[in-house]
Amino acid sequence: MFLEIFTVWLGLFSIGFTFLPMFMVLDWRKRGSADGFSSVNFVLPMLVQSFWLRHGYMTNDQTNIIINSVNLVFFAFYVSAFAYYQPKRKYLIGQIIAAAIAIKVAFAYVDTHDAASINDAMGSMAAAAQIFSLVGGMYEIKRAISMGTTEYIPAGFQFAIFTLILQWLLFGILHGNQFIAISNAAGLLVNIATISLYFFYPPLTWTVPIFNIPPQKKDAKKVE
């Protein structure tokens, strides 16, 4: 009973998490441009979601099917919004083409496996893609250290990611799905490393919630 309830909760929580980038879209609308923002964090998740969606269909995992189907719809919207507000679209177009090629090649590779190993092959590809997507997180860590501040790493988003990844890790363990467990364990390590930066490189102008870490600029207006 607990496992069924937890699965339903995780599905609802994950779908709710999908709405968070909407605040960024509203920011683009307010600015009148998405110039200066990166599209990688919208295109790369679609690559990962496509892999997990196919794995869900292959293993008849309804949780994976529903969550990743919803995610793909929303992230397609976010990419479209980015394209609308971004005056320079050549990098976005290149990323979309690269992602489409990667999906086609990966699916073709998986299809070369026999019936006994094809599901594991797709699971391995999905887990590898999710781990590869952590490159974006590691880049943010490197950037914060070089700048000496976490000013541009929203704390609320990082805390939300922590709760989401932790639950998916538990889901993978409880369901005995090593691919979900391993990929989320790696993601949790990067997320914890990112959160720890708030202690060493505090933001410039806002207070880190939960930990109540003050900004480096003592006269800055407090932001909860």
Undergrad: Say whether I210 and I195 are linked into one hydrophobic cluster, either directly or through other cluster members, by side-chain heavy-atom distances under 4.5 angstrom.
TA: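 Yes.
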Undergrad: Hey, could you give me the CG/CD1 distance between L134 and I131, rounded to the nearest 0.5 Å?
TA: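 So the gap between those two atoms works out to 7.0 Å.
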Undergrad: State, yes or no, whether a side-chain contact exists between P45 and N71 at a heavy-atom distance under 4.5 Å.
TA: no
Undergrad: Checking the side chain of Y198 only, and the main-chain atoms of I153 only, is there a donor and an acceptor separated by less than 3.5 Å?
TA: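 A pair under 3.5 Å: yes.
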Undergrad: So, does Q95 use its side chain to make a donor-acceptor pair with the main chain of V43 at under 3.5 Å?
TA: no
Undergrad: Hey, could you give me the CD1/NE2 distance between I65 and H55, rounded to the nearest 0.5 Å?
TA: 11.0 Å
Undergrad: Measuring only between side-chain heavy atoms, which start at C-beta, is Q86 closer than 4.5 Å to L92?
TA: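 Not touching, per the 4.5 Å side-chain cut-off.
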Undergrad: How far apart are the C-alpha atoms of F107 and M122, what are their side-chain angles, what is the distance that settles it, and do they pass the side chain to side chain contact (heavy atoms under 4.5 Å, CB included) test?
TA: CA-CA 8 Å; F107 285 6; M122 190 67 246; 3.8 Å; yes
Undergrad: Is the side chain of T207 donor-acceptor paired with the backbone N or O of N212 at a distance under 3.5 Å, no angle test?
TA: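 Side chain of T207 to backbone of N212, a donor-acceptor pair under 3.5 Å: no, none is there.
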Undergrad: Quick check: closest heavy atoms across W52 and G123, and the distance to 0.1 Å?
TA: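 Looking at all heavy atoms of both residues, the shortest contact is CH2-O, 4.4 Å.
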Undergrad: Report the C-alpha separation of F77 and M22 in whole Å, then their side-chain angles, then the decisive distance to 0.1 Å, and conclude whether the side chain to side chain contact (heavy atoms under 4.5 Å, CB included) test is met.
TA: CA-CA 10 Å; F77 166 75; M22 189 66 71; 3.8 Å; yes
Undergrad: Are W9 and L166 in one and the same hydrophobic cluster, where Ile, Leu, Val, Met, Phe, Trp and Tyr link if side-chain heavy atoms are under 4.5 Å apart?
TA: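 Yes; L166 is reachable from W9 via cluster members.
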Undergrad: How about S117 and D114: does a side-chain donor come under 3.5 Å of a side-chain acceptor?
TA: yes
Undergrad: Scan side-chain atoms only and decide if N64 and Q62 contain a donor-acceptor pair under the 3.5 Å cut-off.
TA: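 Short answer, no.
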Undergrad: Write down the atom of S69, the atom of L53, and the distance for their closest heavy-atom approach.
TA: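 Nearest pair, atom of S69 first, then L53: OG-CD1, 3.4 Å.
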Undergrad: Would you mind listing every ring-ring contact (aromatic ring centres under 6.0 Å, His included) that reaches into residues 113-144, with sequence neighbours excluded?
TA: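 Those involving residues 113-144 are Y109-H113.
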Undergrad: Under 4.5 Å between any side-chain heavy atoms of S33 and W28, yes or no?
TA: no
Undergrad: What's the spacing between S146 OG and Y201 OH if we round to 0.5 Å?
TA: 9.5 Å
Undergrad: Drop me the distance from E140's CD to K142's NZ, to the nearest 0.5 angstrom.
TA: 11.5 Å
Undergrad: Taking the six-membered ring for Trp and the full ring for Phe, Tyr or His, determine whether the centres of F171 and H175 are under 6.0 Å apart.
TA: yes
Undergrad: Looking at every heavy atom in both L204 and P215, which two are closest together, and how far apart are they?
TA: O-CB, 3.3 Å
Undergrad: Give every residue pair that meets the side-chain hydrogen bond (donor to acceptor under 3.5 Å, both in side chains) criterion with at least one member in residues 184-195, sequence neighbours excluded.
TA: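 Matches after skipping sequence neighbours: Q130-N184, Q158-N191.
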Undergrad: Determine the minimum heavy-atom distance between A129 and V48, stating which atoms define it.
TA: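 Closest heavy-atom pair between A129 and V48: O-CG2, 3.6 Å.
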Undergrad: Just checking F199 against F211, ring centres under 6.0 Å apart?
TA: yes
Undergrad: Between W168 and F6 (judged by ring centroids, cut-off 6.0 Å), do the two rings come close enough to count as a pair?
TA: no
Undergrad: For F159 together with F162, are the ring centres under 6.0 Å from each other?
TA: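 No - the distance between ring centres of F162 and F159 does not fall below the 6.0 Å cut-off.
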Undergrad: Of all heavy-atom pairs between P203 and T149, which one has the smallest distance, and what is that distance?
TA: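 Distance-wise, the nearest heavy atoms are CA-OG1, 3.5 Å.
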Undergrad: Cationic tip of R29 within the cone over Y85's six-membered ring, i.e. under 6.0 Å and within 45° of the normal?
TA: no
Undergrad: Can you tell if the side chain of L47 reaches within under 4.5 Å of the side chain of L44, non-hydrogen atoms only?
TA: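 When only atoms from C-beta onward are counted, L44 and L47 do touch, with a gap below 4.5 Å.
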Undergrad: Give me the atom names and distance for the closest heavy-atom approach of P202 to P214.
TA: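 Looks like CB-O, 3.7 Å.
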Undergrad: Under the side chain to side chain contact (heavy atoms under 4.5 Å, CB included) rule, collect the residues that match up with I101, sequence neighbours excluded.
TA: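 Listed in chain order: I97, V105.
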Undergrad: When rounded to the nearest 0.5 angstrom, what distance separates CD1 in I161 from CG in L188?
TA: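 Atom-to-atom, I161:CD1 and L188:CG are 11.0 Å apart.
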Undergrad: Is L169 reachable from I192 through a run of I, L, V, M, F, W or Y residues, each pair having side-chain heavy atoms under 4.5 Å apart?
TA: yes
Undergrad: Could you go through the ring pair (Phe, Tyr, Trp, His ring centres under 6.0 Å) check for F75 and Y78 one step at a time?
TA: CA-CA 5 Å; F75 273 82; Y78 298 142; 5.4 Å; yes
Undergrad: To the nearest 0.5 Å, what is the distance between CE (M58) and CG (N119)?
TA: 4.5 Å
Undergrad: Are F13 and V73 grouped together when hydrophobic residues (ILVMFWY) are joined by side-chain heavy atoms under 4.5 angstrom apart?
TA: no
Undergrad: Would you kindly confirm whether I118 and F51 end up in one hydrophobic cluster when ILVMFWY residues are joined by side chain heavy atoms under 4.5 Å apart?
TA: yes
